[in-house]
Amino acid sequence: IIICLHVIACFWFLVGDTEDGWTRNTNVRSSGVQETYLVSLHWALSLIQGTSWDEVSSLTVAERVYIVFALPLALTLTSIFIGCTAEILGRSKESDAVGQRLALRRLASE
């Protein structure tokens, strides 16, 4: 997920680094590459969380097209992460239940 966040943030920066893009209109570009990257990463995190961040919004057609493709990707990544986490938790509860049954059988046989 971290790599995907990085890629989403980098492409958001590339798409917005135009004369009328978000990097110029928010004056972030003049602050340096590190701050611009952090703003892009923050935007990508808010995209994955399903929340919007009003300070950075799409201003050009290219930025809007990118969001149309980035948002489903972000939602898919979030769904995969939640599904994997739920599966891991389900397996651990299942193994706990098997361990409890074995312990009860040992107690019953004694």
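Count residues from 1 along the sequence. We use all heavy atoms of the structure for the numbers below, so side chains are in, but hydrogens, waters and symmetry mates are not.
Taking Ile, Leu, Val, Met, Phe, Trp and Tyr as members and joining any whose side-chain heavy atoms lie under 4.5 Å apart, directly or through other members, the hydrophobic cluster of Phe69 also contains Val61, Val65.
Taking OG1 of Thr76 as the start and CG of Leu71 as the end, the distance is 9.0 Å to the nearest 0.5 Å. Expressed to the nearest 0.5 Å, how far CG of Asp20 lies from CD of Glu63 amounts to 7.5 Å. We find the CG-CG distance between Leu38 and Leu45 to be 10.5 Å, quoted to the nearest 0.5 Å. Atom-to-atom distance recorded for Leu5:CG and Leu41:CG is 6.0 Å, nearest 0.5 angstrom. Here the straight-line distance linking atom CH2 of Trp12 with atom OG1 of Thr36 works out to 13.0 Å at 0.5 Å rounding. If you take CG on Leu73 and OG1 on Thr78, they are separated by 9.0 Å, rounding to the nearest 0.5 Å.
Closest non-hydrogen pair, Ile8 versus Tyr66, comes out as O-OH, 2.8 Å. In plain terms, the two heavy atoms of Ala9 and Ser40 that are nearest each other are O-CB, 3.4 Å.
The salt bridge (charged side-chain N to carboxylate O under 4.0 Å, His left out) contacts involving residues 70-89 comprise Glu87-Arg91, where partners must be two or more places apart or lie in separate chains.
Side-chain contact of Tyr37 with His42: a donor-acceptor pair under 3.5 Å is absent, judged by distance alone.
Under the rule for a side-chain hydrogen bond (donor to acceptor under 3.5 Å, both in side chains), Gln34 has no partner lying at least two apart in sequence or in another chain.
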